[in-house]
A.B. asks: 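What follows is a structure written as structure tokens; I'll ask about it next.
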Amino acid sequence: MRFTGILGGALLVSAAALGAASAQEGEVTIVLGEELDLIDPCMATRSNIGRVVLQNISETLTELDVRGDAGVTPRLATSWEQTDDTTWRFDLREGVKFSDGSAFDAGDVVHSFERTQSGENTCEISRYYDGMGIEMTAVDDTTLEVTSEDPQPIMPLLMSLLTVVPSETGMEFTRDPIGTGPYTLAEWNPGQNIRLERRDDYWGEAPEVTAAEYVFRSDAAVRAAMVETGEADIAPSISALEATSDTLDKSYPNSETVYLRIDHEVAPMDDERVRRALNLAIDREAFIGTILADGTEVATAIVPPTTIGWNADVEQWPYDPEQAQTLLDEAAADGVPVDTEISLIGRTGNFPGATETYEAIAGMLNDAGFNVALQMVEVAEHEQYYSKPYVQDRPILVGAQHDNSRGDPVFSMFWKYDSEGRQSGIADERVDQLIDDASAATGDERTALWSELFAYLHDEVVADALLFHMVGFARVAEDIDYTPTIATNSQLQLAEIGLN
């Protein structure tokens with residue numbers, strides 16, 4: 001890979017000069033809304049990184065079929081079986097090589113998992129395995145054994161998140177990712193572009209796309225215009241306001257849920273009345289069809305309605321600023337410091353209309369009697385507020401999107417709500433027990449336990465301020481054959497792109 005710093009203006013080539021012809025030559029230009037501060041495979045569950053890395057550079061053992069109904073399908077693993085309640089055995093694909101020429105084997109998988117758990121980095125992937133007590137053993141080069149403290153009946157699905165790197169990869173973050181995927185990182189100019197190029201020695205079928213250039217534009221209107229004028233081929237995320245073309249624009253069922261994470265340990269958010277007032281003060285319906293797209297749904301859980309255990313009996317919070325003010329007055333009369341300034345932290349570019357959304361929410365909260373100051377930050381700074389240890393020198397609401405496209409709450413619930421979860425704002429014994437029980441259950445029992453947990457978190461704990469289940473829009477050039485899916489917000493496989 002060639003890594004360079006900021007290029008001088010004389011070296012920049014206009015995408016307009018390349019875009020129109022790029023698809024004919026097998027190359028595509030993809031315009032993203034956020035720059036990448038990292039490109040490590042263990043960070044591929046973050047949307048802006050996953051769209052570049054996941055299944056392009058780095059592959060996983062399994063993959064969830066989001067274009068059909070095949071369920072969990074093979075990738076680097078060819079088959080798997082559960083040998084007892086807490087043990088799974090995976091047979092790995094033979095003859096696979098990393099892009100540096102080294103052979104892929106079970107030891108690489110073990111190392112990849114251990115690397116996500118290392119204290120020498122802050123790998124996002126590790127959060128999906130928190131609390132499970134997972135251990136991996138290389139039985140031989142092509143056989144992997146995975147054990148857990150408690151039964152994990154969806155272990156094959158859990159393995160669809162673990163990106164595999166060579167055993168030689170250090171524990172610290174890498175800027176030169178080596179993977180088994182069909183592409184290599186050829187160039188990274190921070191803040192400007194990233195280039196992937198197709199491998200000649202990939203173990204699978206060769207994709208049509210020979211190279212992909214990723215560029216970054218924070219303005220959704222600019223991203224949409226670049227595709228329309230031929231400067232780019234795909235803009236996987238544009239706003240509803242820009243989705244005006246019947247031929248170029250495609251909607252897709254976004255798996256993201258927007259919410260405000262509340263830290264229950266810091267006053268005044270440690271008072272349930274204040275948390276209820278917070279939820280009552282937000283007019284969620286007012287955003288739909290205005291800042292956010294028609295089809296956006298008001299959220300009552302951290303996962304979309306396609307997830308098992310979804311509880312349709314949980315009612316969304318009504319908009320009632322008068323009742324919110326009454327609850328704040330009651331709390332104040334009991335000595336709760338409701339007039340304390342609360343910081344609302346939003347992530348710039350997290351979704352189209354993010355800044356406008358958080359500005360409006362801050363205004364609604366202030367109108368209802370809260371004292372809220374909005375602070376919009378870039379992705380790297382946002383993480384400092386989003387994950388433990390939390391800043392607790394003042395009450396903070398963290399505005400965020402959570403992606404769960406895999407259909408099971410296990411990918412969300414521990415790290416979002418367990419007492420030990422790294423992005424949890426609560427500590428509740430019943431919640432912890434329900435998460436443990438549901439994670440180990442199967443069939444109808446698993447569904448019922450998750451459903452019970454959703455209702456308890458929303459109605460009794462008032463864990464957070466759930467806002468919206470999002471709708472996504474992508475703009476795709478006419479000479480590109482690509483249909484976005486529920487996974488498009490977290491990955492964009494170049495192998496799924498056809499060239500007309």
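Worth saying up front: this structure is predicted, and the values here are computed from it rather than measured.
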A.B. asks: Are side-chain heavy atoms of Leu158 and Val410 found at a separation under 4.5 Å?
C.D. replies: yes

A.B. asks: Taking the side chain as C-beta and beyond, is there a heavy-atom pair between Met226 and Val215 under 4.5 Å?
C.D. replies: yes

A.B. asks: Rounded to the nearest 0.5 Å, how far apart are CG of Leu32 and CZ of Arg223?
C.D. replies: 8.0 Å

A.B. asks: Main chain of Thr485, side chain of Lys250: is a donor-acceptor contact present, judged purely on distance under 3.5 Å?
C.D. replies: no

A.B. asks: Between Glu172 and Asn121, does any side-chain donor sit less than 3.5 Å from a side-chain acceptor?
C.D. replies: no

A.B. asks: Checking Arg430 against Tyr456: charged group under 6.0 Å from the ring centre and within 45 degrees of the axis?
C.D. replies: yes

A.B. asks: Working note: Leu162 + Leu61, criterion side-chain contact (heavy atoms from CB on, under 4.5 Å); need CA distance, chi angles, decisive distance, verdict.
C.D. replies: CA-CA 7 Å; Leu162 179 62; Leu61 295 189; 5.5 Å; no

A.B. asks: Could you report the tightest heavy-atom contact between Ala212 and Leu494, atom names first, then the distance?
C.D. replies: CB-CD1, 3.6 Å

A.B. asks: Test side-chain contact (heavy atoms from CB on, under 4.5 Å) on Phe414 and Glu420; report intermediate values, then the result.
C.D. replies: CA-CA 8 Å; Phe414 183 92; Glu420 301 300 320; 4.0 Å; yes

A.B. asks: Would you call Lys97-Asp201 a salt bridge at under 4.0 Å N-O?
C.D. replies: no

A.B. asks: If you round to the nearest 0.5 Å, how far is OG of Ser239 from CD of Glu356?
C.D. replies: 9.0 Å

A.B. asks: How about Thr355 and Glu359: does a side-chain donor come under 3.5 Å of a side-chain acceptor?
C.D. replies: no

A.B. asks: I want to check something: taking the side chain as every heavy atom from C-beta on, are Asp428 and Tyr417 in contact at a cut-off of under 4.5 Å?
C.D. replies: no

A.B. asks: Measure the acute angle between the ring planes of Trp80 and Phe90, then classify it against the limits of 30° and 60° as parallel, tilted or perpendicular.
C.D. replies: tilted

A.B. asks: Drop me the distance from Ile30's CD1 to Glu213's CD, to the nearest 0.5 angstrom.
C.D. replies: 10.0 Å

A.B. asks: Whether the Arg93 and Thr78 side chains hold a donor-acceptor pair (N or O, under 3.5 Å, no angle test) is what I'd like checked.
C.D. replies: no

A.B. asks: Are Thr174 and Asp176 close enough that a side-chain donor and a side-chain acceptor fall under 3.5 Å?
C.D. replies: no

A.B. asks: Is the side chain of Asp108 donor-acceptor paired with the backbone N or O of Ser112 at a distance under 3.5 Å, no angle test?
C.D. replies: no

A.B. asks: Locate the shortest heavy-atom distance separating Pro166 from Ser102; write the atom from each residue and the value.
C.D. replies: CB-OG, 4.4 Å

A.B. asks: Check the side chains of Ser126 and Gln117 for a donor-acceptor pair under 3.5 angstrom, ignoring hydrogens and angles.
C.D. replies: no

A.B. asks: Thr357 vs Val258, test: side-chain contact (heavy atoms from CB on, under 4.5 Å). Steps then yes/no.
C.D. replies: CA-CA 10 Å; Thr357 296; Val258 175; 5.5 Å; no

A.B. asks: Between Thr60 and Gln55, is any side-chain donor less than 3.5 angstrom from a side-chain acceptor?
C.D. replies: yes

A.B. asks: Between Asp40 and Arg46, does the salt bridge (charged side-chain N to carboxylate O under 4.0 Å, His left out) criterion hold? Intermediate values first, please.
C.D. replies: CA-CA 10 Å; Asp40 194 289; Arg46 189 200 288 174; over 6 Å; no

A.B. asks: Apply salt bridge (charged side-chain N to carboxylate O under 4.0 Å, His left out) to Lys416 and Asp464, showing your working.
C.D. replies: CA-CA 10 Å; Lys416 289 295 186 185; Asp464 42 28; over 6 Å; no

A.B. asks: Under a 3.5 Å cutoff, is there a donor and acceptor pairing between the side chains of Thr257 and His469?
C.D. replies: yes

A.B. asks: How about CD on Glu135, more than 12 heavy atoms from neighbouring residues, nucleotides or ligands closer than 6.0 Å, or not?
C.D. replies: no

A.B. asks: Is Arg446 reaching over with its side chain to a backbone N or O of Ser439, donor-acceptor style, under 3.5 angstrom?
C.D. replies: yes

A.B. asks: Dump the intermediate steps for side chain to side chain donor-acceptor pair (under 3.5 Å) on Ser343 and Arg394, then the final yes or no.
C.D. replies: CA-CA 8 Å; Ser343 295; Arg394 64 192 188 279; 2.8 Å; yes

A.B. asks: Check step by step if salt bridge (charged side-chain N to carboxylate O under 4.0 Å, His left out) holds for Glu59 and Arg75.
C.D. replies: CA-CA 7 Å; Glu59 297 179 294; Arg75 190 86 183 203; 2.8 Å; yes

A.B. asks: Ignoring hydrogens and angles, state whether a donor on the side chain of Asp418 or Ser424 is under 3.5 Å from an acceptor on the partner side chain.
C.D. replies: no

A.B. asks: Checking Glu63 against Gln491 for the side chain to side chain donor-acceptor pair (under 3.5 Å) test, could you report, in this order, the C-alpha distance in whole Å, the side-chain angles of both residues, the deciding distance, and whether it holds?
C.D. replies: CA-CA 12 Å; Glu63 185 176 3; Gln491 65 178 351; 5.0 Å; no

A.B. asks: Indicate whether any N or O donor in one side chain lies under 3.5 Å from an N or O acceptor in the other, for Glu297 and Gln316.
C.D. replies: no

A.B. asks: Assess the side chains of Thr169 and Arg115: does a donor N or O sit below 3.5 Å from an acceptor N or O?
C.D. replies: no

A.B. asks: Side chains of Asn56 and Arg51: is there a donor and an acceptor less than 3.5 Å apart?
C.D. replies: no

A.B. asks: Taking it one step at a time, do Ile497 and Leu492 satisfy side-chain contact (heavy atoms from CB on, under 4.5 Å)?
C.D. replies: CA-CA 9 Å; Ile497 298 173; Leu492 203 170; 3.8 Å; yes

A.B. asks: Give the ring-plane orientation class for Trp317 versus His458, where under 30° counts as parallel, over 60° as perpendicular and anything between as tilted.
C.D. replies: tilted

A.B. asks: Is it the case that Gln392 and Glu265 place a side-chain donor and acceptor less than 3.5 Å from each other?
C.D. replies: yes

A.B. asks: Which atoms form the tightest heavy-atom contact between Asp65 and Ala70, and what is the distance?
C.D. replies: OD2-N, 3.0 Å

A.B. asks: Go through the steps to decide whether Phe473 and Tyr252 satisfy the test ring pair (Phe, Tyr, Trp, His ring centres under 6.0 Å), and finish with yes or no.
C.D. replies: CA-CA 6 Å; Phe473 289 90; Tyr252 57 94; 7.8 Å; no

A.B. asks: Working to the nearest 0.5 Å, report the span between CD of Glu34 and OG of Ser47.
C.D. replies: 6.0 Å

A.B. asks: Between the side chains of Asp403 and Ser490, does any donor sit under 3.5 Å from an acceptor?
C.D. replies: yes

A.B. asks: Begin with the C-alpha distance, continue with both residues' side-chain angles, and end with the deciding distance and a verdict on salt bridge (charged side-chain N to carboxylate O under 4.0 Å, His left out) for Arg195 and Glu27.
C.D. replies: CA-CA 10 Å; Arg195 182 177 175 83; Glu27 300 190 10; 3.0 Å; yes

A.B. asks: Distance to the ring centre below 6.0 angstrom and angle to the axis at most 45 degrees; does that hold for Arg347 and Tyr358?
C.D. replies: no

A.B. asks: Given the rule in the ring pair (Phe, Tyr, Trp, His ring centres under 6.0 Å) test, do Phe468 and Phe287 qualify, once you have shown the distances and angles that lead to the verdict?
C.D. replies: CA-CA 9 Å; Phe468 312 108; Phe287 292 86; 5.3 Å; yes

A.B. asks: Any chance you could measure Thr184, atom OG1, to Phe98, atom CZ, to the nearest 0.5 Å?
C.D. replies: 14.5 Å

A.B. asks: For residues Val109 and Met159, determine if any side-chain heavy atom of one lies less than 4.5 Å from a side-chain heavy atom of the other.
C.D. replies: no

A.B. asks: Quick one about Ser412 and Asn404 (side-chain donor to acceptor, distance below 3.5 Å, no hydrogens or angles considered), yes or no?
C.D. replies: yes

A.B. asks: Verify the distance criterion only: is there a donor paired with an acceptor across the side chains of Ser160 and Tyr128 at less than 3.5 Å?
C.D. replies: no

A.B. asks: Just one of Arg422, Arg261, Gln384, Gln423 clears the side chain to side chain donor-acceptor pair (under 3.5 Å) bar with Tyr390, so which one?
C.D. replies: Arg261

A.B. asks: Quick one, Ile396 and Val398 - any side-chain contact, counting heavy atoms below 4.5 Å?
C.D. replies: yes

A.B. asks: Between atom CD1 of Ile49 and atom CD1 of Ile194, what is the distance when rounded to the nearest 0.5 Å?
C.D. replies: 9.0 Å

